[in-house]
Amino acid sequence: MAKHTYSLDFCGRVITVETGEIAKQAGGSVLVRYDDTVVLSTATASKQPKEGIDFFPLTVTFEEKLYSVGKIPGGFLRREGRPSEHATLTARMIDRPIRPLFAEGFRNEVQVVNTVLSVDTDVTPEMTAMFGASLALCISDIPFNGPIAGVYVGYVDGEYIINPTVEEIEKSRILLAVAGTKEAINMVESSASEVSEEEMVEAIMFGHEYIKKLCQFQEEIMQDCGKEKREVVLYAIDEELNREVRDYVQERMVEAVRIHEKLERYGKIDDLEAETVALYEAKEYADEKEKAQVLKQVHEICHNIVVEEVRRLITVDKIRPDGRKIDEVRPLNSQVDLLPRAHGSALFTRGETQVLSVCTLGPVNDNQIVDDLTEVETKRFMHHYNFPPYSVGEVGRMGSPGRREIGHGALGEKALSQVLPSLEEFPYTIRVVAEVLESNGSSSQASICAGTMALMAAGVPIKAPVAGIAMGLVKEKENYTILTDIQGMEDHYGDMDFKVAGTKNGITALQMDIKIDGITREILTEALAQAHKGREQIMENMMGAISEPRKEVSRYAPKIYQMTISPEKIRDVIGPSGKMINQIIAACDDVKIDIDDFGHVVIYHMDREPIQKAADMISNIVREAKVGEIYDAKVVRLEKFGAFVELFPGCDGLLHVSKIAHERVEKPEDVLKLGDIVRVKVMEIDDKGKVNVSRKALLEKPKPKKVNKENAE
């Protein structure tokens, strides 16, 4: 295959696509250059469907190569290891708009690999990779109903911007990632500075206009060099078996779906499914392979009956599985201070979803070191999300967080970071951990609610409380129903999971995943309006538990003291090889001290007394004498020409013999001795910093002696 090159001027930057020269053995490969950002995207599929699975085996990766930004990886091995959080989140972001565009029943394993080779941080490698992933699939022989594309949208000074630079992002009130096809949007993720629903909708639709241009560019490339799509065998259920199973169990399964209580409902459904499977397990088969295939399909038919009834109830009868109205929020309960020794803790329960969030405060040097392609080197706020299997009544793997946990944690971090105080206002590293204790829908948004309360309970002066809610959609042709506060069954069987978090003033985070081809502006606007109403109700319940941040941090949290010293004095405080600062730490009950390059000093300890002692010691080290100041100084050395007196630790002044008294002093030791405390005034500080003091300046001048005239005559 010969090399082909294509170019597009996109918002003032050039996108160049090269194919036919690099990674030719992959099913499809493109080298995408977006100015100086370069990403190699490949798409490869297995020849045969993967047997024994009931899902589409798609894997999308975002391979961060640190040489792309001129970095050598940290760690002992000095090579790339497990994916960074940024790489994991980017891979998920690319996966989400691509996955719905494969045919139902597609079981061939597909792997999309995006290798980042060069990065200009102002020219998004994330959206370059998304473009490349779609195009690699489109020109390959893999059946794919694309193309899709994505852009970032910023909002600076009332203007929307496509793929903003790092500088523009810092000023932007919105950072929105939006993806979709030419026809519709099918993925949204955003952080925002309390923007209105109208502003967010405009940002999404603005981004979609540019997505259309990128999709058109891909279609032109496909027509020129795309491979013929292969024939694949799509998995399908045997029609006769489907009819038999439905005749046997459908009526009773439909009744089970209408049970309101989750565990009872699922229990009845499981019992009916087990009964049906047992019926077919008792039959005779040609071999074990045929038996396994039939039993697997029986499970799927039972599942499909449940899905169809849930969707019918919602779209036609407007009845939800648990009996709620379509805009009704489940029962709410908010509590704080469950954990006596934690710095801040809160429990948020919404229906059968329950999250315990715990806030911990630490010194600034407890921040997280970031080793990825972004310009961010440290993180001061961390939001971690844990989802143990017992939260859904199951037994499963316990270990390091997976993609889902990382993604949900990051969404909560986006929502809450918008309301955190600045480092200058609150010089702590902040970690919030969300422990999901029960889950039946939108535990990620419950973690935002619990996290808000935990922050306030810990005494973090957040600008405003944040509440989150998950919206759903069930769409059958032109009929659709938007659901407030979706539960697990509605999420699993529905067409949209739309998470919205924000304060009473506006949205702080947004995430939308679509299982259908996309949604319209009308649906988007309606969902946001309905979400706003639900958030208000949840916020009211949260405020009943804690209405504002505590004025003081917990007695078990480190206390702080801030001071500023001259940058020139930093070396004196630290001392050679850290000797001086280590002495201060040891003398003050192991206080923690952070000093930045600008002389901003923060001292941490559980008690105030060691903090004050350390502050006094630092003040003495950096203290400078000033002309006109008066000191009770200690005589520390006597010389023929005068005495050296200690004004304060680290600062001596010269008291010249002529400045000791008004009357003539022959030798300093005639008036002073070592250890004496004398009151002196600073008279002069020369260019070299030497301090000259005077005792005489503070003494009353002696009165002139009266002369006896008679004696004089």
- Smallest heavy-atom separation, M200 atom then A192 atom, equals CE-CB, 3.8 Å
- Item | Pair D594 + K592, salt bridge at N-O below 4.0 Å | no
- Answer yes if the side chains of T37 and D120 hold a donor-acceptor pair under 3.5 Å, and no otherwise. no
- Tell me whether the guanidinium CZ or amine NZ of R404 lies under 6.0 angstrom from the six-membered ring centre of F387 and within 45° of its axis. yes
- Message: In the structure I gave you, are the side-chain heavy atoms of E126 and Y152 within less than 4.5 Å of one another anywhere?
- Response: yes
- Less than 4.5 Å apart, any side-chain heavy atom of Y34 and any of T124? yes
- Message: Looking at E51 and R107, is there a salt bridge between them, counting it only when a charged N and a carboxylate O are closer than 4.0 Å?
- Response: no
- Message: Exactly one of R350, R535, M539, K499 should register a side chain to side chain contact (heavy atoms under 4.5 Å, CB included) with I469. Which one does?
- Response: R535
- Message: Looking at every non-hydrogen atom in both residues, tell me the closest pair between M489 and V306 and how far apart they are.
- Response: CE-CG1, 4.2 Å
- Which heavy atom in Y493 sits nearest to a heavy atom in H303, and how many Å separate them? CE2-CE1, 3.3 Å
- Do the side chain of E80 and the main chain of L66 share a donor and acceptor less than 3.5 angstrom apart? yes
- Begin with the C-alpha distance, continue with both residues' side-chain angles, and end with the deciding distance and a verdict on side-chain hydrogen bond (donor to acceptor under 3.5 Å, both in side chains) for E413 and Y385. CA-CA 10 Å; E413 193 168 293; Y385 169 99; over 6 Å; no
- Are side-chain N/O atoms of S41 and N114 paired as donor and acceptor at under 3.5 Å? yes
- Query: Does any non-hydrogen side-chain atom of L332 lie less than 4.5 Å from one of S334?
  - Reply: no
- Message: Is it the case that the side chains of Q418 and T508 hold a donor-acceptor pair, with the cut-off being a distance below 3.5 Å and no angle test?
- Response: no
- Distance (rounded to the nearest 0.5 Å) between L420 CG and L455 CG: 6.0 Å
- Residue pair V39 / T115, side-chain heavy-atom distance below 4.5 Å: no
- Note on the structure: Only residue of V432, V460, I462, I546 satisfying side chain to side chain contact (heavy atoms under 4.5 Å, CB included) with T452 is I462
- Task: Scan side-chain atoms only and decide if E300 and Y235 contain a donor-acceptor pair under the 3.5 Å cut-off.
- Result: yes
- Task: Indicate whether the side chain of N440 and that of E438 have a donor and an acceptor atom separated by less than 3.5 Å.
- Result: no
- Query: Does N186 use its side chain to pair, donor to acceptor, with the backbone of P97 at less than 3.5 Å?
  - Reply: yes
- Message: salt bridge (Lys or Arg N to Asp or Glu O under 4.0 Å) for R96 and E189? Distances and angles first, verdict last.
- Response: CA-CA 11 Å; R96 283 154 47 199; E189 186 159 317; 2.7 Å; yes
- For the student: nearest non-hydrogen atoms of L347 and M453, plus distance: O-CE, 3.9 Å
- Message: We want to know whether E425 and S422 form a side-chain donor-acceptor pair, criterion being a heavy-atom distance below 3.5 angstrom.
- Response: yes
- Item | Under-4.0 Å salt bridge between D513 and R99 | no
- Do the side chains of V30 and F131 get nearer than 4.5 Å, heavy atoms only? no
- Item | Backbone N/O of G396 and side chain of E394: donor-acceptor pair under 3.5 Å | no
- For Y428, is the NZ or CZ atom of K559 found under 6.0 angstrom from the centre of its six-membered ring and inside 45 degrees of the ring axis? no
- Provide the closest heavy-atom pair for G207 versus V153 in the form atom of the first, atom of the second, distance. CA-CG2, 3.7 Å
- Message: Is there a side-chain contact between F106 and P143 in this structure, where contact means two heavy atoms from C-beta onward sitting under 4.5 Å apart?
- Response: yes
- Task: Check for a donor-acceptor pair, side chain of S134 on one end and backbone N or O of I148 on the other, with a separation under 3.5 Å.
- Result: yes
- Query: Any donor and acceptor pair, going by atom type alone, linking the side chain of S345 with main-chain N or O of L339 inside 3.5 Å?
  - Reply: yes
- Message: Once rounded to the nearest 0.5 Å, what's the spacing between atom CG of L31 and atom CG of L135?
- Response: 11.5 Å
- Message: Taking CZ in R78 as the centre, count heavy atoms belonging to other residues, nucleotides or ligands within less than 6.0 Å. Is the count above 12?
- Response: yes
- When R403, K379, R92 are each screened for salt bridge (Lys or Arg N to Asp or Glu O under 4.0 Å) with E85, the one that passes is K379
- If you measure only the distance, is there a donor-acceptor pair under 3.5 Å linking the side chains of Q487 and D322? yes
- Query: Between R380 and I430, is any pair of side-chain heavy atoms under 4.5 Å apart?
  - Reply: yes
- Which pair of heavy atoms, one from H383 and one from S447, lies closest together, and at what distance? CE1-OG, 3.6 Å
- Task: Could you please spell out the steps behind the side-chain hydrogen bond (donor to acceptor under 3.5 Å, both in side chains) verdict for T503 and E194?
- Result: CA-CA 7 Å; T503 68; E194 299 183 276; 2.4 Å; yes
- Task: Measure from the side-chain N and O atoms of T44 to the backbone N and O of A26, and report whether any donor-acceptor pair falls under 3.5 Å.
- Result: no
- Quick one: does S46's side chain have a donor or acceptor within less than 3.5 Å of a partner on N108's backbone? no
- Message: Tell me if the CD atom of Q48 is crowded by more than 12 foreign heavy atoms within 6.0 Å.
- Response: no
- Message: Quick check against the 3.5 Å criterion: does D122 have a side-chain atom that pairs as donor or acceptor with the backbone of V166?
- Response: yes
- Message: Before you tell me yes or no, could you show the steps for S357 and E435 under side-chain hydrogen bond (donor to acceptor under 3.5 Å, both in side chains), namely the whole-Å CA-CA distance, both residues' side-chain angles and the distance that decides it to 0.1 Å?
- Response: CA-CA 6 Å; S357 283; E435 306 287 0; over 6 Å; no
